[in-house]
Asks: 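The structure follows.
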Amino acid sequence: MAGYDFKTIEEKWRTYWQDHGTFRVDNPGEEGFAPEKPKLYVLDMFPYPSGAGLHVGHPEGYTATDIVCRYMRMKGYNVLHPMGYDAFGLPAEQYAVEHGVHPRETTEENIANIERQIKMFGFSYDWSRRLATTDVDYYRWTQWIFLQLFNSYYDPEAAAARPIRQLIDRLLSGELLVDLAGRVVFPEPGEEISGDIFGMTGTHRKFAELDDEEKRAVVDDHRLAYMAEVPVNWCPKLGTVLANEEVTNEGRSERGDHPVYRRSLKQWMLRITAYAERLLADIETVDWPEPIKIMQRNWIGRSDGAEVDFPLESLGTDEWFEERNAGGFPTVEEEEVIRVYTTRPDTLYGTTYMVLAPEHPLVEQITTEPQRNQVRTYVKAAKNKSELDRIADTKEKTGVFTGAYAINPVNRRKIPIWVADYVMMGYGTGAIMAVPAHDERDFAFAMNFDLPITPILKRRDEADARYFVGTGHEESAKIYEAFKHNPDAFSALRGIDFGPVVHESDDNTPFIPNAAHEKFFDLDDSPKLWIFVGPTAHQDAASLAGLSSYGRAVPRCNPSMNEEHEYIHSGPLNGLSPAEGKKKITDDLEAAGMGKGAVNYKLRDWLFSRQRYWGEPFPIVHCETCGTVPLPEDQLPLTLPAMDDFRPDSTDNPEAPPQPPLGKATDWIRTACPNCGRPATRELNTMPQWAGSCWYYLRYLDPKNSEQFVSPDVERYWMNHSKDGGVDLYVGGAEHAVLHLLYSRFWHKVLYDLGHVSTPEPFHKLFNQGMIRSFAYRDDRGVYIGYENIDFRDDGAYHKKTNQKLSESVEKMSKSLKNVVNPDDVIEEYGADTFRLYEMFMGPLEASKPWNTRDVPGAYRFLQRVWRMCLGDEENGIRSLLVDETEMEKGVEKALHKLIKKVAEDIEAMKFNTAIAAMMDFVNTCYKAMAITQCQVIRFLGVLNPFAPHITEEIAEQLGRTESIAYESWPPFDERMIEDETVEVPVQINGKVRSRVTVPAKADDDAVLELVLADRKIAPQVAEKKIVKKIVVPGKLVNLVVK
RNA sequence: GCCGGAGUGGCGGAAUUGGCAGACGCGCGGGAUUCAAAAUCCCGUUAUGGCAACAUAGUGUGGGUUCGAGUCCCACCUCCGGCACCA
C-alpha cells in the first residue's frame, strides 16, 4: 500500500459521511428512529462567528465531545450532537458599520467561513440540525419565549411562574390586594387573606377600585419581563447601553475603548431575582465542576439577616414605639422611617450612625437646610460618576452629613444620618446601620469623619475591648527610643495582648493590629502611629517615655465573630455568644415590631435591552391607550426592518437621549395596536446577545418545527429519557461560568414552570475545557516577535535577523502578542486527525496549557506508525506488521485487551491524554513484537476511531471493510486476559526501595515475605538486624522496618 | 482584599487517590539503514558521584502526621482565573 496521504483520505471520508448521512440522528416518530437504544445528548457551546474565524480553543472542546459521541455510538447509543451559531451581537454590527455592509451579509460570510473550518475536523455533527440565532425561523421563537416571560408573573406561593391572567383574575376577585406602593400582597404561607388582616387600615387597596392606568401599572410591575428606570452603563459614543462584562475595568467600552457613564434609563428587565432561591438550590442537583458551582453561588450571593426600622428623630417618640409594638412590623416602609438590611442585627447596639445611598428617596426629604447645598452637590456628583471614578474612589470613603438624626430602636439613642456612595441603592434597602467597631468599611468611614465607634463584642478571655492609640511621628520616635533603652519596662504593658506596635504605613488609614504585629517595625519607615493594647496601655507607654500627651484612644475594628466572643455594651445581649445574640435580637425585634428576618441576594434583575440594530426585535407595541402591548403569537416573527443606515447615533454627550438605530426605520415603527387598532409604535430596543444562546439547545431538538419551539414528545425524549434530566454532557469554556449558564437556567425554569419543558435544569453535566494559550516571545525592548521571525535553537529562541536572544512566556493567544496559531495551517500541514490527536494529547482537557507547534509532529508520527503497522508503505519499502492468525503474539493480544479497557475508562472520565498515551504504548508493543493480526488491527482501529476517525476508516476499508466503522460495536475485552500471573513488587527497607522481587499475583503475604527475605539483595541487609515490622501491600509493595 | 485552580526533568505532561516519581510525547545523545541526507527502526536520556554494579539527593519553600507523602495537615511563596465597597 501507499503511504499515509491524509489530504486525500480526510477529504474522502468527510464526503462519505456527508453523502451517507452517517451522523444524522432521527427523532421519535421519524422513520429511522431506534427506540430501543438509550439516548445521549452531547452539546458544544456554539461559537460566535467572528471575522477572525476559529481559533485553536474551539476545536479542543469540539474534539472532546466528538470522541465521546463516536465512542457512545459504538456503545449503542442514540447520540444527538448538533452545532450552530450565536450570530447576533455588537461585534457583527460594529464590523458592519465600519465596513458599510449589512450585518446579515457579514454574518453569513463569517458563518460560511467558520463552518468550513469546523467541517475540516471531521466532527460527527448532525448538520441537518444546524441553526443560527439570526435565522428568522429561530428568533421567531426567541420572541415567543420573551412573550412567555412578558405574560407571566412569579407566584411566591407556588414558587413558580404562572400566567399573568391568573394574577389578574385573583386581583379582580379580591383574593389578592395591592399595597400603597402598588405591589401585590401575597399571603404568608398558611395565612388567610381577608380585607382587614393587614393591620392598619388604609395601607392596602382593592385592585378593582383602581383606575385603568393604575391597574395596568400593578400588573406590568409583576411581569417577568418588565420595563423600569434603572442605572445602566451608557456609552454615548456607541449610542448604546452596555452589559457589565462589556465594560473594562477602566470604565471604558470593551469595543472601541470609549467612556462609559452610569445613568438612569428606562429599560427592559427580566425578573431573574425571583428565581434566585431556586437557581441557588438546584445547583446541588447538577453535575458541574465545583468551582463553577461556587462561582454561581457567589454570583447569586444569598445572605441571611434582618430588616430593621430606624424612625427619624422627629417620629421616634415613645408613643410611636408603643404603637409599633402593638401593630407589628409593616410590609411596606412607613414614611419617616429608614429601613435597613443587615446581616448582623446582633451588632445593633454598636450602631453609631446611619448611611443612605445617594439615590435613596429619603435623602432629599430629610436633609436639613444648612446641609442642603453640600448634600445636593455630593449626590449629583455621585450619580454622574463614571465607572472609572467609582473604582478610583473605592479606596477613600467619602460622604456628607444630612443634618438629620434617627433613633436607634434598641437603645433609643440619637444617631446621625449620612449620605455616602459606599452604600448602593441596588442592594438591600439602600440604607445601612453603621457599626464601625465591627465592619471595616464603616470603620474607615468613621475614622475619616470622626464618628463615634463603640465596640460591642470582645473575646471572653479579654478584660475589655482592645484599644490602640495614635500619636504623632515625634511621639512615636520618643516612645520607640524609650522602649529601646528599657524594653523591660514596656514588657509589663504586654500583659494584655499585644506589645507596642508601630504603624507601617505613611498614610492615615487606620491600622488594625493582629497577632502578626507582635513585633516592632523598623522606625526608618516613618511610622505615624503607635499601637498599644489595653484600656490604659497608651497612657502608660507615654508616661514611660516621659510624654505628657499620648494622642487619642480609638477602639479598633474587629469584624470577626466566633463563639469565643461575647457582647458588651449591648443591654440584654451582654454576656451572650454571637449565635445566641443573633437569635435573641431577631426575636426581640420581631416582638417589638421593629424588624424581621430577611434574605437578600446580590443577583440583580437582568438588563435585557440594547440600543442596537443587530439583535432580536421585541415583539412589543407601545400604544397611548393600551400601554405596553405584546404582539399576538400569530404575528410572529417580527422581523428586523431592512435598513441602509443602521448605525446608532454617536455623541460625546453623556446626557443625550438614546437614539436606537431602529428609530430610523420610520415605516417599520408605525403600526396598529394589536389591542385597540389605533396607531401605535413598535419597541425600538433589541434583545442582548445572551437571548439567543439561552435556549438554542432546545431548538436543536426539533429545528424545523414551524408549529412549536419544540415538540413536547421530542423534548421529553432527548431531555428527559435518561436517569438525570437535561443535556447529558455540555462542554465549553469557563468564561461562561456565570452569565450564559445562569441566564439559560433561568429561562429553562420559566419554561418548565409554564409546562413547555419537562426538566427543571437544562444541563445536567457540564465540563469546562481549559484555555489553550501559547508561547510568546519578546526581544530586549519588550517588542513581541512572531514565530516566522524566530530561530529555535537548543538553548532558546533567537531572532532570525538580529540574532538576539528572546524571552519566552505563556500568554493568551492574541494578535498583539503575535502568538496566534491558526488551525487552518496546522491541518494543511498535518491533517485533521493529527490536529485532533495533538490537542487531546497536550494535557488534561480541563487544564490550561500551552500550544507548542513543535510537538505536533509527535502526533503525526504516531499516525504514520499506525498506518505502516497496518498497511506498510511500499514507496518507502516498509512492510506492515500484519501476520497470520496462527502467528498471533499472546503479549500483543493481552496488551490489546488492556488497551480496550483503559481507553473506554479514560473516555468516560474525559481523560483523553492518557488514552492516547496508552494507544501509543500499544503500538510500540506491536512494533517490538513485530506482529499483529488482522483481527487485532480491526479491534485497535475501533479504539482509535473516535480520536482519529479519517485514518481509521481508510485503513479499515483497505483491509476489506465495505462500509463506515462509525457504528461498529466497541471491541470487547476479557478481564481474565488482563490479569497478570506474576507481579514485580518493590521491596523497601525503612521506606527506601532496595530491591524488587517477582511474586505470583495471588501469593499470600507470608509467601511473599518468604520470597523477599530470600532475595539476594535483601537477605544481607536484614541479616544482622531486627525486623520490627513487616508491611505487605498485596500486588503493590513490601516494606520492612528494621533496627 | 475575598473566592477558586495550579506549581513534578530542557519542554508538554503521567502517577489506579497514601504504596516503584518521571508513563506517553517533544527535544537531545548514540546506533542501524544509506554513497550521502531525509524518512524509518532500535537503544539511552532527573541531578550528582562512579567504568560499572550502585550510592546519594530529588515533585515551589519551611514544618508536621505516617512503616511509607507529589498525594494528607499547618504556615508561607509564585503564577493563572473569577469577584470586588453586597451591609
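Letters go in sequence order (proteins before strands), and every chain restarts at 1.
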Asks: Does A:R854 make a side-chain N or O approach to OP1 or OP2 of B:G25 shorter than 4.0 Å?
Replies: no
Asks: Whole angstrom is fine here: how far is it from OH in A:Y427 over to P in B:A84?
Replies: 14 Å
Asks: Only counting residues at least two apart or in another chain, list the ones meeting side-chain contact (heavy atoms from CB on, under 4.5 Å) with A:F940.
Replies: A:F862, A:V866, A:M869, A:L896, A:L899, A:M919, A:F922, A:V923, A:L944
Asks: Under 4.0 Å, heavy atoms only, any strand: does A:N924 hit a base, just the sugar-phosphate, or nothing?
Replies: sugar-phosphate
Asks: Please state whether the rings of A:Y743 and A:W606 are parallel, tilted or perpendicular, taking 30° and 60° as the class boundaries.
Replies: parallel
Asks: Between A:R879 and B:U40, is there a side-chain N or O to OP1/OP2 distance below 4.0 Å?
Replies: no
Asks: For A:H736, give me all partners under side chain to side chain donor-acceptor pair (under 3.5 Å), at least two apart in sequence or on another chain.
Replies: none
Asks: Polar atoms only, N or O, under 3.5 Å: list the protein pairs with nucleotides 54-57 of chain B and their distances.
Replies:
from: B:C54; atom 1: OP1; to: A:K1017; atom 2: NZ; distance (Å): 3.4
from: B:A57; atom 1: OP2; to: A:K992; atom 2: NZ; distance (Å): 3.1

Asks: What nucleotide, of B:C67, B:C24, B:C41, holds the atom closest to the side chain of A:I1031?
Replies: B:C67
Asks: Considering just the side-chain nitrogens and oxygens of A:R861, establish if one lies under 4.0 Å of OP1 or OP2 belonging to B:C24.
Replies: no
Asks: Once side chain to side chain donor-acceptor pair (under 3.5 Å) is applied, do any residues pair with A:K602, and if so which ones, sequence neighbours excluded?
Replies: none
Asks: With sequence neighbours excluded, tell me which residues meet side-chain contact (heavy atoms from CB on, under 4.5 Å) with A:T982.
Replies: A:T998
Asks: Is a side-chain donor-acceptor pair under 3.5 Å present for A:Y787 with A:S774?
Replies: yes
Asks: Expressed as a whole number of angstroms, how long is the span from A:L1037:CG to B:A69:C1'?
Replies: 13 Å
Asks: Determine whether the side chains of A:S809 and A:Y777 contain a donor N or O and an acceptor N or O closer than 3.5 Å.
Replies: no
Asks: What's A:V423 touching, base or sugar-phosphate or nothing? Going by heavy atoms closer than 4.0 Å.
Replies: base
Asks: Applying a 4.0 Å non-hydrogen cut-off, can you work out what A:Y601 is touching in the nucleic acid: base, sugar-phosphate, or nothing?
Replies: nothing
Asks: Distances under 3.5 Å only, N/O to N/O: pair up the protein atoms with those of nucleotides 10-17 of chain B.
Replies:
from: B:G12; atom 1: O2'; to: A:M842; atom 2: O; distance (Å): 2.8
from: B:A14; atom 1: OP1; to: A:N913; atom 2: ND2; distance (Å): 3.0
from: B:U16; atom 1: N3; to: A:K1036; atom 2: NZ; distance (Å): 2.9
from: B:U16; atom 1: O4; to: A:K1036; atom 2: NZ; distance (Å): 3.3

Asks: Could you work out, with salt bridge (charged side-chain N to carboxylate O under 4.0 Å, His left out) as the rule, every residue matching A:R865, not counting sequence neighbours?
Replies: none
Asks: Scan residues 906-918 of chain A for pairs that pass salt bridge (Lys or Arg N to Asp or Glu O under 4.0 Å), counting only residues two or more places apart or in two chains.
Replies: A:K902-A:D906
Asks: Which residue pairs pass the salt bridge (Lys or Arg N to Asp or Glu O under 4.0 Å) test with at least one member in residues 840-860 of chain A, sequence neighbours excluded?
Replies: A:E60-A:K849
Asks: Whether the side chain of A:K397 and the base of B:C85 hold a donor-acceptor pair under 3.5 Å is what I'd like checked.
Replies: yes
Asks: Just to verify, what does A:V286 make a side-chain contact (heavy atoms from CB on, under 4.5 Å) with, not counting sequence neighbours?
Replies: A:W288, A:K293, A:E761
Asks: With a 4.0 Å cut-off on heavy atoms, is A:E984 in touch with a base, just the backbone sugar-phosphate, or nothing at all?
Replies: base
Asks: For A:I432, report the nucleic acid contact type (base, sugar-phosphate, nothing); a contact means any heavy atom under 4.0 Å.
Replies: base
Asks: Students often get this wrong, so: under 4.0 angstrom with heavy atoms, is A:K1030 touching a base, only sugar-phosphate, or nothing?
Replies: nothing
Asks: If you compare every side-chain N and O of A:N768 against the phosphate oxygens of B:G5 (OP1, OP2), does one of them come in below 4.0 Å?
Replies: no
Asks: Quick one: stems involving RNA chain B, counted as three or more successive Watson-Crick or G-U pairs, both distances short of 3.5 Å.
Replies: B:1-7 with B:77-83, B:10-12 with B:24-26, B:27-32 with B:40-45, B:46-49 with B:54-57, B:60-64 with B:72-76
Asks: Indicate, with a heavy-atom threshold strictly under 4.0 Å, whether A:V1033 touches base, sugar-phosphate, or nothing.
Replies: base
Asks: With sequence neighbours excluded, tell me which residues meet side-chain contact (heavy atoms from CB on, under 4.5 Å) with A:D439.
Replies: A:R441, A:D442
Asks: Any base atoms under 4.0 Å from A:N1039, or only sugar-phosphate, or nothing? Heavy atoms, all strands.
Replies: base
Asks: Is it the case that A:K397 places NZ or CZ above or below the six-membered ring of A:Y422, under 6.0 angstrom from the centre and within 45 degrees of the axis?
Replies: yes
Asks: Nearest to the A:V1041 side chain among B:A87, B:C67, B:C3, which nucleotide is it?
Replies: B:C67
Asks: Of all the choices, B:C41, B:C83, B:G5, which nucleotide is nearest to the side chain of A:W299 once you look at every atom?
Replies: B:C83
Asks: CE of A:M869 versus P of B:U40: gap in Å, rounded?
Replies: 16 Å
Asks: Mind checking if A:E290 touches a base, just sugar-phosphate, or nothing, with heavy atoms under 4.0 Å?
Replies: nothing
